[in-house]
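Everything quoted here is computed from the prediction, not taken from an experiment. Reminder, nothing fancy here: chain letters follow the sequence lines and each chain counts from 1.
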Protein chains: 2
Amino acid sequence: MTKYEYIADIIRKRILAGEYPENTLIPNQVELVEEFQVSRMTIKKAINILMMEGLVYSQRGLGTTVLNNQLPERSATLATDYSGLTKGLEGKEIKTDVIKFDVAFPDEFIQEKLKITAHQPVYEIIRLRNVENEPYTLEHTFMPVDLVPGLNEEISSHSIYSYLEEIGIEFAGAHRNIHADKSTELDHQYLDCQPSDPVLEVEQVVYLKNSRPIEFSRSRNRYDKKSYTVLDVM
Amino acid sequence: MTKYEYIADIIRKRILAGEYPENTLIPNQVELVEEFQVSRMTIKKAINILMMEGLVYSQRGLGTTVLNNQLPERSATLATDYSGLTKGLEGKEIKTDVIKFDVAFPDEFIQEKLKITAHQPVYEIIRLRNVENEPYTLEHTFMPVDLVPGLNEEISSHSIYSYLEEIGIEFAGAHRNIHADKSTELDHQYLDCQPSDPVLEVEQVVYLKNSRPIEFSRSRNRYDKKSYTVLDVM
DNA sequence: CAGTGGTCTAGACCACAAG
DNA sequence: TTGTGGTCTAGACCACTGG
């Protein structure tokens, strides 16, 4: 844990606890320098984190203001949440049905997305994630076999991402595309939705630290159960 | 223009020009310090910008790698684009029909979103944006009157955001929620879509630098014409 | 004007990857 | 071990806000 992360954590707690109330200024950077006994650059970096989280906003000449407490809305998934399931679901019962688990050679589309050749096999996995016994997301995932040795149906039925973390795989980031679509036969069957219901589809490519794509997936969500939130700071 | 923005611009151009090819390392930070005659912190900040744009990725001990050229995909709107229309539409003919332009008192929902009281009037504007004579987005917008003096139907029929920039209004950021919905009567009428077609709805609150919300809007998009892309760097 | 945050420096030390 | 990027410092100057 770096100093600036540590300091950001403390200030965040103070904001959430109301110690620094909404629409007021937090102590200026010089005062924070004195409190934490660090350089101002370090304070600045800590505040930057909070600004990217949408908690505060800094203005030259004025100070740093606490914005309205942006708490998690309804069942929305933060766009920075890439494991597919919201952290807000912690504590709830999550059950995963593995509908398909296969190894096959990729078609051209998948080759392009995962930057691999036709001769490198991929896992093809379809999973239904249930939360509190209600269908939540239907995920269709492709991963290169050579990047994820030892993946199997048993692991898939729990959390693939926990497994990846265990074997020391580190992620660099993800590219997502979010759009609406008509529901298909498969959606009706598994998401338990009506033919007239739309779905929210999220396509993502997840990259490793070495810049290789490790996953291409499409997840389809009931339109009334899931949405995405994005926070832009300019 | 700060030094680090200037340097980021130059390095970005080199990457896009192929001078720093994909999947190769760019010169290390010490070399860049020598080339640009600045401190390493400044080089670091410049590289950070490119990393947030998804162009490069830095690893301790290794260097900074050029990632695959992430060019704009299909008709996707970048999530950091808050004016409602993609910059990729530049050069195309955009026509705006103002369907409703009213001033009224806000209901509770809008009061909450815009952080105002029931006695502060708001503009309520419904606009249809057409691109190349095809319906593109149906926007339903609320803005506090006191923040945007002099807004009228004529201005609304062009670009509200250009007007806001002209009168010197500065934005701090936006909160967006993206989800799918069934299409309504209004959608069928204006977006020229079928009753069975879903729509992609984006709700956003745009904040000013002084942290006041200036806009709450819902925009509804044909599911086959628009999507959102989000880039996460961890 | 005084006070704020934004940038920038020159140098230091550390964590990490690779040979 | 060497070279890389990540962090951190102490101080400086500047741009902007408000009175």
Side-chain angles (χ1 to χ4, degrees), chain A residues 1-11 15 20 23-53 55-67 168-173 208-212 233-234, chain B residues 1-11 15 20 23-53 55-67 168-173 208-212 233-234:
Chain A
M1 163 91 69
T2 59
K3 282 194 194 181
Y4 65 84
E5 286 171 321
Y6 170 77
I7 293 170
D9 282 352
I10 292 182
I11 298 178
I15 291 171
Y20 298 152
N23 295 314
T24 65
L25 297 174
I26 69 172
N28 70 44
Q29 298 186 356
V30 178
E31 288 174 299
L32 292 172
V33 161
E34 284 161 8
E35 174 181 353
F36 292 103
Q37 292 292 306
V38 296
S39 77
R40 192 156 75 89
M41 287 287 302
T42 304
I43 294 294
K44 174 92 192 4
K45 258 182 148 172
I47 291 176
N48 247 348
I49 292 180
L50 302 177
M51 205 157 69
M52 291 203 289
E53 291 174 353
L55 278 177
V56 301
Y57 188 70
S58 296
Q59 282 165 287
R60 211 189 327 232
L62 276 181
T64 300
T65 315
V66 179
L67 295 178
I169 283 180
E170 290 183 297
F171 305 96
L208 294 182
K209 284 204 171 178
N210 65 12
S211 92
R212 267 198 68 180
V233 179
M234 294 160 199
Chain B
M1 161 92 71
T2 60
K3 282 194 195 180
Y4 65 84
E5 285 171 321
Y6 169 77
I7 293 170
D9 282 351
I10 291 182
I11 298 177
I15 291 172
Y20 297 151
N23 295 315
T24 65
L25 296 173
I26 69 173
N28 70 43
Q29 298 186 355
V30 177
E31 289 173 300
L32 292 172
V33 160
E34 284 160 9
E35 175 181 352
F36 290 103
Q37 291 292 306
V38 295
S39 78
R40 192 155 76 91
M41 287 287 301
T42 304
I43 292 294
K44 175 95 191 3
K45 259 182 149 172
I47 290 176
N48 247 347
I49 291 180
L50 303 177
M51 207 157 68
M52 290 202 290
E53 290 174 353
L55 278 177
V56 300
Y57 188 70
S58 295
Q59 282 165 285
R60 215 191 327 232
L62 277 181
T64 300
T65 314
V66 179
L67 295 179
I169 283 180
E170 291 184 295
F171 304 96
L208 295 181
K209 283 205 170 180
N210 65 13
S211 92
R212 268 197 67 179
V233 179
M234 294 160 198

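Ranked by how close their nearest DNA chain D nucleotide is to the 5' end, Gly61(B) and Glu5(A) are led by Gly61(B). Along DNA chain C, the nucleotide nearest Leu62(A) and the nucleotide nearest Lys45(B) are compared for position; the residue whose nucleotide lies closer to the 5' end is Leu62(A).
For Lys3(B) and dG6(C), the shortest distance from a side-chain N or O to OP1 or OP2 is not below 4.0 Å. Gln59(A) has no side-chain polar atom (N or O) that falls below the 4.0 Å cut-off from OP1 or OP2 of dG6(C). Contact between the side-chain N/O atoms of Tyr4(B) and the OP1/OP2 oxygens of dC8(C) is not found at any separation under 4.0 Å. The shortest distance between the side-chain N/O atoms of Gln37(B) and the OP1/OP2 oxygens of dT9(C) is not below 4.0 Å.
Protein atom CG of Leu32(A) is 12 Å distant from nucleotide atom P of dG6(C), rounded to whole Å. For Glu34(B) and dG11(C), the CD to C1' distance is 15 Å, given to the nearest whole Å. Whole-Å rounding puts the Glu31(A) CD to dT4(C) C1' distance at 11 Å. The CG atom of Asn48(B) sits 7 Å away from the P atom of dG6(D) (whole-angstrom rounding). Between the C1' atom of dG11(D) and the CE atom of Met41(B) lies a distance of 13 Å, rounded to the nearest Å. To the nearest angstrom, C1' of dG6(C) lies 8 Å from CD of Gln29(A). For the pair Arg60(B) CZ and dT7(D) P, the computed distance is 7 Å after rounding to whole Å. Counting to the nearest Å, the C1' atom of dT4(C) and the CE atom of Met51(A) are 14 Å from each other.
Heavy-atom minimum distance, Pro27(B) versus Leu32(B): O-CD1, 3.6 Å. Glu5(A) and Met1(A) get closest at one heavy-atom pair: CB-SD, 3.5 Å. The two residues Val33(B) and Arg40(B) have their closest heavy-atom pair at CG2-CA, 3.5 Å.
Side-chain contact check for Ile10(B) versus Phe36(B): some heavy-atom pair is nearer than 4.5 Å. At a threshold of 4.5 Å between non-hydrogen side-chain atoms, the residues Leu50(B) and Glu53(B) count as touching.
Considering only side-chain atoms of Thr42(A), the nucleotide from dA15(C), dG6(C), dT9(D) that sits closest is dT9(D). The side chain of Asn28(A) has dG5(C) as its nearest neighbour among dG5(C), dG6(D), dT9(D). The Ser39(B) side chain lies nearest to dC8(C) when the options are dC8(C), dT9(D), dG5(D).
Between the side chain of Arg40(B) and the base of dG6(D) there is at least one donor-acceptor pair of N/O atoms closer than 3.5 Å.
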